[in-house]
Protein chains: 2
Amino acid sequence: MCEWFYPGKMTGKQFPSVWLREPRKTTSPGRSREEIVRAAMELLDAEGLHGLSMRKLGAKLVTGATSLYWYVANKDELLELVYDEVWGEVRLPESETAHWREFASVMAHSMRQVILRHPWSADLIGRLPALGPSALSLTDRMRRILKTAGFRGADVDYATATLTSFVYGFTIPEVAWKSSMGEGYDIPAMHDIAARAARDFPDLAADFAVEQSEDPQVMREVAFDFGLVSILDGLEARLVT
Amino acid sequence: MCEWFYPGKMTGKQFPSVWLREPRKTTSPGRSREEIVRAAMELLDAEGLHGLSMRKLGAKLVTGATSLYWYVANKDELLELVYDEVWGEVRLPESETAHWREFASVMAHSMRQVILRHPWSADLIGRLPALGPSALSLTDRMRRILKTAGFRGADVDYATATLTSFVYGFTIPEVAWKSSMGEGYDIPAMHDIAARAARDFPDLAADFAVEQSEDPQVMREVAFDFGLVSILDGLEARLVT
DNA sequence: ACCTGAACACCGTTCAAGT
DNA sequence: ACCTGAACACCGTTCAAGT
């Protein structure tokens with residue numbers, strides 16, 4: 001997904017993007033970009049962002065690490081390519097006439113699922129330009145739906161930013177947590193630790209204790225829906241004015 | 001800020017936190033934790049998360065890198081300590097009787113400013129447990145205000161998560177962008193690049209062109225306020241039900 | 001046109017050894 | 001109680017050289 005109004009200065013270097021360089025005209029006797037991207041995706045899904053190194057990727061493709069630099073200027077360019085694949089997995093309502101709330105809701109849920117499926121992508125949001133075809137197409141459809149719904153001018157940007165910010169802010173820390181803690185850790189022990197840390201905050205400690213019985217997985221889903229509905233209500237209020 | 005309902009499994013290791021280990025009883029002939037944390041903060045602010053290495057920090061304190069391991073179990077523990085300092089900089093309304101919307105608004109703006117001031121902290125959100133005194137105190141006050149306003153049970157968690165998710169999701173990509181692009185880059189060149197990348201999406205390209213004249217810095221502030229007000233409206237709707 | 005290996009300048013952490 | 005330096009197993013990228 002693409003948010004274009006990022007801050008900058010009038011001076012300085014321009015930013016590079018794979019999508020603006022012609023790929024090497026490949027007679028493809030050897031590797032190909034697609035092959036490299038696919039292998040990188042597998043490595044990323046299996047071992048995370050830190051698990052992808054040029055050396056490992058080279059090994060997986062039975063080449064020297066440095067051979068990859070023939071196809072790709074550097075690691076960031078490679079990541080840009082894989083990053084766009086991720087946005088390509090977002091599923092939207094087929095219909096062009098979907099109601100904007102329905103559309104936004106489906107998109108938000110799908111974006112979250114896609115990030116959860118590729119946790120490493122969370123670390124790339126904002127770090128890499130999202131100028132690939134999939135990211136742009138997503139942005140384009142969302143904006144068209146919002147315009148049809150009645151949003152005008154910069155409000156289209158603002159509404160999009162509000163929605164995507166919520167999805168990102170809900171999901172990025174979640175996957176960061178998961179990958180830093182490893183997949184499995186001890187829930188009761190975690191509650192015990194939280195309770196001990198909160199010993200100087202009795203209300204907090206009490207709430208921790210009460211909600212210990214809830215399933216955190218379920219709570220996260222409910223929390224996401226709660227936030228999403230709140231935001232859609234809030235955006236709708238902007239619309240009627 | 002602390003969100004406790006992160007997912008986990010019933011098995012596996014428990015997570016570690018500095019806040020649950022007694023610090024070494026220091027007779028302080030040599031370094032101290034405070035000194036180390038202060039130096040780390042300076043290094044982080046000056047050079048970012050990648051700029052902080054145990055070797056550089058050691059050099060700054062005129063010690064061997066490995067000496068630091070006497071005061072801190074590992075780099076993550078050190079980061080946990082500096083991380084809490086960041087939350088300590090969030091400014092809230094003094095009054096205990098502030099209206100919840102006012103409170104939430106001030107908190108959201110302050111959190112954003114603090115993250116912008118310490119961009120490296122964005123990468124730690126979710127990755128490290130936020131169990132330090134400053135983080136807990138922030139969580140505690142927010143929750144008390146929401147309860148006073150009428151939020152009940154898990155809605156207190158959900159409302160907090162909605163608000164903080166928006167702040168995180170708005171700010172994390174923003175600072176990621178800034179630090180990956182460097183401080184200054186060429187705005188017109190950026191627009192040119194975006195336009196060229198969007199050549200297959202005429203509506204998108206047209207909007208890029210129109211909004212080229214806006215100041216991105218200003219737009220970001222307006223966008224943040226737009227999103228924040230929308231969310232507060234949406235949360236208020238949950239309240240009256 | 002494509003691939004290679006050596007080299008550079010880094011990492012976090014462990015550990016035996018020193019004072 | 002505190003500090004040290006060597007060592008281990010890594011990084012991304014450059015570059016001259018090969019085929």
Side-chain angles (χ1 to χ4, degrees), chain A residues 13 16 18 21-37 39-40 43-44 46-83 120 123-124 127-128 179-180 182, chain B residues 13 16 18 21-37 39-40 43-44 46-83 120 123-124 127-128 179-180 182:
Chain A
K13 62 177 187 298
V18 229
R21 289 195 317 119
E22 283 307 311
R24 280 214 145 92
K25 56 206 72 187
T26 177
T27 55
S28 68
R31 314 270 129 26
S32 73
R33 261 199 185 178
E34 294 75 49
E35 204 186 343
I36 292 172
V37 169
L43 214 40
L44 286 164
E47 307 188 29
L49 198 54
H50 273 93
L52 174 71
S53 74
M54 300 306 267
R55 284 168 227 261
K56 276 195 209 166
L57 186 56
K60 195 180 166 85
L61 291 165
V62 208
T63 350
T66 53
S67 310
L68 303 170
Y69 285 85
W70 178 257
Y71 298 93
V72 126
N74 49 41
K75 198 183 179 183
D76 270 2
E77 274 205 358
L78 173 60
L79 288 174
E80 255 190 291
L81 294 169
V82 207
Y83 188 41
W120 47 271
D123 277 331
L124 303 181
R127 232 194 66 191
L128 300 177
S179 38
S180 118
Chain B
K13 62 176 186 297
V18 229
R21 289 197 316 119
E22 285 305 311
R24 281 214 145 91
K25 56 207 70 185
T26 177
T27 55
S28 68
R31 313 271 130 24
S32 73
R33 261 198 185 177
E34 294 76 49
E35 205 186 343
I36 292 172
V37 169
L43 214 41
L44 286 163
E47 307 188 29
L49 199 53
H50 272 94
L52 175 70
S53 74
M54 300 306 265
R55 284 168 227 262
K56 276 196 209 167
L57 186 56
K60 194 180 168 83
L61 291 167
V62 209
T63 350
T66 53
S67 310
L68 303 170
Y69 285 84
W70 178 256
Y71 299 94
V72 125
N74 49 42
K75 199 185 180 182
D76 270 2
E77 274 205 0
L78 173 60
L79 288 173
E80 254 190 292
L81 294 169
V82 209
Y83 189 40
W120 47 272
D123 278 331
L124 302 181
R127 232 195 66 192
L128 300 176
S179 41
S180 118

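Below, chains carry the letters A, B, ... as their sequence lines are ordered, and counting in each starts from 1.
Distance H50(A) NE2 to dC10(D) P: 14 Å, rounded to the nearest Å. Regarding R33(A), its CZ atom lies at a distance of 16 Å from the P atom of dA1(C), rounded to whole Å. The CG atom of N74(A) sits 15 Å away from the C1' atom of dC11(D) (whole-angstrom rounding). Taking atom CG of L68(B) as the reference point, atom C1' of dG5(D) lies 14 Å away to the nearest angstrom. Across the protein-nucleic acid pair, D76(B) atom CG and dG12(C) atom C1' stand 10 Å apart, rounded to whole Å.
Taking a pair as Watson-Crick or G-U with both hydrogen-bonding distances under 3.5 Å, the stems of three or more pairs touching DNA chain D are C:4-8 with D:12-16, C:12-16 with D:4-8.
With rounding to the nearest 0.5 angstrom, the OG atom of S53(B) is 5.5 Å from the NZ atom of K56(B). With rounding to the nearest 0.5 angstrom, the CZ atom of R55(B) is 9.0 Å from the OG1 atom of T66(B). Separation of atoms CG (N74(B)) and CE (M54(B)) is listed at 7.5 Å; rounding is to 0.5 Å. Rounding to the nearest 0.5 Å places CH2 of W70(B) at 12.0 Å from CD1 of I36(B).
Listed by first and then second residue, the salt bridge (charged side-chain N to carboxylate O under 4.0 Å, His left out) pairs that reach into residues 63-75 of chain A come to none, sequence neighbours excluded.
Residues satisfying the side chain to side chain contact (heavy atoms under 4.5 Å, CB included) criterion with A73(B), sequence neighbours excluded, are R21(B), E77(B). Annotation: side-chain hydrogen bond (donor to acceptor under 3.5 Å, both in side chains) contacts of D76(B) (sequence neighbours excluded): R127(B).
When the P atom is compared between dA9(C) and dA9(D), the two are found 23 Å apart, to the nearest whole Å. A distance of about 22 Å separates the P atoms of dC2(C) and dA17(D), rounded to the whole Å.
A close approach under 4.0 Å does not occur between any side-chain nitrogen or oxygen of Y71(B) and OP1 or OP2 of dC2(D). Put simply, W70(B) has no side-chain N or O that comes within less than 4.0 Å of OP1 or OP2 on dC3(D).
A side chain to side chain contact (heavy atoms under 4.5 Å, CB included) with D123(B) holds for exactly one of L128(B), L49(B), L79(B); it is L49(B).
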Quiz item: Going through the checks in order, is the side chain to side chain contact (heavy atoms under 4.5 Å, CB included) test met by V72(A) and L81(A)?
Solution: CA-CA 10 Å; V72(A) 126; L81(A) 294 169; 4.1 Å; yes
Quiz item: Between L68(B) and L78(B), does a side chain to side chain contact (heavy atoms under 4.5 Å, CB included) hold up when you go through it step by step?
Solution: CA-CA 10 Å; L68(B) 303 170; L78(B) 173 60; 5.9 Å; no
Exercise. For W120(B) and L52(B), run side chain to side chain contact (heavy atoms under 4.5 Å, CB included): C-alpha distance rounded to whole Å, both residues' side-chain angles, the deciding distance at 0.1 Å, then the answer.
Key: CA-CA 10 Å; W120(B) 47 272; L52(B) 175 70; over 6 Å; no
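Contacts of residues 51-62 of chain B with DNA chain C (heavy atom under 4.0 Å): L52(B), S53(B), M54(B), R55(B), K56(B).
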Could you pull out the protein-nucleic contacts involving nucleotides 14-19 of chain C (nitrogen or oxygen on both sides, under 3.5 Å)?
none

